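My questions will all concern the structure given below.
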Amino acid sequence: MHTTYKRSWAEPYKIKMVELLKMTTRPHRLKAIREAGFNTFLLRSEDVYIDLLTDSGTSAMSDRQWAGLLLGDEAYAGSRNFYRLEKTIQDCYGYRYVIPTHQGRGAENILSKILIKPGDIIPGNMYFTTTRLHQELAGGAFVDIIIDEAHDPLNEHPFKGNVDLNKLDQVIKTHGAAKIPYVAIATNVNMAGGQPISMANLRELRALTQKHGIRIIHDMTRVAENAWFIHEREPGYANKSIRSIVHEICSYTDGATMSAKKDALVNIGGFLAVNDWEVFEEARNLVVVYEGLHTYGGLAGRDMEAMAIGIEESLDNNHIRARVGQVEYLGHMMENYGIPIVKPIGGHGIFVDAKRFLPHLSQDEYPAQTLAAEIYLDSGVRTMERGVVSAGRKPNGENYYPKLELVRFTLPRRVYTQAHMDVIAESAAAVFARRNRIKGLKMVYEPKYLRFFQARFERL
Ligand code: F0G
């Protein structure tokens with residue numbers, strides 16, 4: 001009998017240089033996490049074994065990108081690398097005008113200042129921390145229009161990043177289109193667990209917003225991962241290249257902010273891209289105030305070269321298949337241990353449901369913050385809270401209480417091996433086995449903005 005075997009994915013690269021990791025003891029880690037106020041952001045990277053804090057700026061660059069660094073043209077104005085980056089963005093994403101920024105929030109700042117007036121409403125498919133803060137600082141208010149399924153960690157909807165068009169319709173009816181400068185659409189929604197929006201939903205959204213003359217601004221930080229899920233799950237896309245799917249996604253939007261530190265495989269960089277000349281004109285004016293001249297925007301020429309190369313590499317089908325494949329591998333291991341995770345498994349990490357992991361803790365005892373500290377203590381694996389601490393406070397001072405109380409195990413791109421994944425899952429399982437004995441935290445220091453970065457805690 002003829003048998004067909006399932007073929008595994010494997011990394012489409014081999015290792016040329018290694019960075020040695022420090023292994024620590026439990027007493028060392030206890031001291032370190034205490035000194036860090038039980039906030040994994042305040043740990044020293046030296047004290048971390050496997051660093052899953054974020055996929056932001058933590059990718060391994062390819063030999064081509066490293067070679068590109070040597071091609072840096074460090075002229076103050078008109079660097080050759082800028083023109084290469086501009087052309088790459090135009091070719092790969094289809095946006096017309098490009099302004100480099102030091103990272104994503106630099107682009108968010110400029111865009112929010114240009115498009116948002118006090119009293120404006122910005123509907124979007126779930127908030128992101130820095131994005132919403134820039135909207136609020138510009139006088140706007142964010143309204144969540146993502147489908148309800150996105151707030152339910154157990155719901156297996158294949159496109160939990162989708163917009164609920166009825167919610168958007170309602171926002172337009174309540175506030176009027178004139179109060180809505182744009183709809184903010186993230187591809188592969190970070191805070192929902194790395195969940196994609198479908199092409200069909202984007203198309204419908206485009207039709208609805210066009211009817212009202214409302215722009216769509218695209219947070220394309222993880223657009224390649226979103227394209228992979230469309231390739232895998234949406235009828236009609238199985239034979240299309242990631243490159244063409246990404247291009248199509250962008251074609252339904254009017255501009256984008258990008259943190260190139262994620263999908264675009266660089267350690268620093270970002271950009272603002274728009275199709276509208278007037279917006280570009282204003283952005284070109286503002287960028288010199290906040291970032292630098294419009295042909296470098298806070299970046300060295302070499303950074304722009306590495307970004308251009310990284311963008312190209314990020315759109316390779318084999319790259320993105322292995323990227324998401326590794327995340328799925330880790331997720332399946334955790335599921336086998338019975339650990340509650342957000343489903344479907346997302347694109348950039350595994351999101352553990354701290355509410356179900358530590359059901360005896362109320363949200364005011366910071367279950368996700370607690371769990372991140374416990375995982376670190378167990379193994380030196382550093383993860384990140386994405387729950388009530390990250391959600392912060394409303395402009396009126398009240399706490400946001402998000403439905404999702406998650407710990408993010410974020411996988412840097414091209415950095416760790418499958419054996420690392422095993423160690424990570426085993427650590428989560430060890431903490432899960434003694435979950436009933438874990439006590440919560442109280443916040444003892446709270447910064448004013450984006451408190452999750454610097455807040456300090458003590459054990460209850
Ligand atoms: N938008 C999304 C969806 C992001 O995930 C981030 C950053 C930004 C914008 C801001 O970009 O950091 O380059 O200024 N997310 C990181 C994370 C910090 O860990 O999820 P930035």
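For the numbers below, each heavy atom of this structure counts, side chains included, while hydrogens, waters and symmetry mates do not. Remember, predicted model here, so these are calculated numbers, not experimental data. One-based numbering, in listed order, for ligands and for the atoms of each.
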Judged by heavy atoms only, the candidate from K262, R408, K261 nearest atom 18 (C) of ligand 1 is K262
For atom 9 (C) of ligand 1, the closest protein heavy atom turns out to be E108 OE2, 3.0 Å
- request: Answer yes or no: does atom CZ of R302 have more than 12 heavy-atom neighbours from other residues, nucleotides or ligands under 6.0 Å?
  value: no
T130 heavy atoms within 4.0 Å reach ligand 1 at atoms 8 (C), 10 (C)
Between ligand 1 and F128, is the shortest N or O to N or O distance under 3.5 Å?
no
Quick check: Q103 and ligand 1, any N/O pair under 3.5 Å apart?
yes
Check: Is the Y127 ring parallel, tilted or perpendicular to the F142 ring (thresholds 30°, 60°)?
Finding: perpendicular
Heavy-atom proximity to atom 5 (O) of ligand 1 ranks first, among L53, T129, N190, T410, for N190
re atom 3 (C) of ligand 1, the protein heavy-atom contact at minimum distance is D219 OD2, 3.3 Å
**Request:** Flag yes if more than 12 heavy atoms outside R203 fall under 6.0 Å of its CZ atom; otherwise flag no.
**Result:** yes
The atoms of ligand 1 lying under 4.0 Å from a heavy atom of G104, numbered in the order shown, are 11 (O), 13 (O), 14 (O), 21 (P)
Exercise for the section: Output yes when E108 and R132 qualify as a salt bridge under the 4.0 Å nitrogen-oxygen rule, no when they do not. Expected result: no
Per-atom filter on ligand 1: closer than 4.0 angstrom to a heavy atom of T54 are 17 (C), 19 (O)
For R105, the ligand 1 atoms with a heavy-atom partner under 4.0 Å come out as 11 (O), 12 (O), 14 (O), 21 (P)
Handout entry: OH (Y449) with more than 12 external heavy atoms under 6.0 Å
Key = no
Between F280 and the options Y95, F271, Y97, the ring-ring contact (aromatic ring centres under 6.0 Å, His included) test singles out Y97
Worksheet entry | Heavy-atom neighbours of E74 CD exceed 12 at 6.0 Å | yes
S259 N/O to ligand 1 N/O under 3.5 Å:
yes
Does at least one non-hydrogen atom of H348 fall below 4.0 angstrom from an atom of ligand 1? no
Ring-ring centroid check Y296 Y76, cutoff 6.0 Å: yes
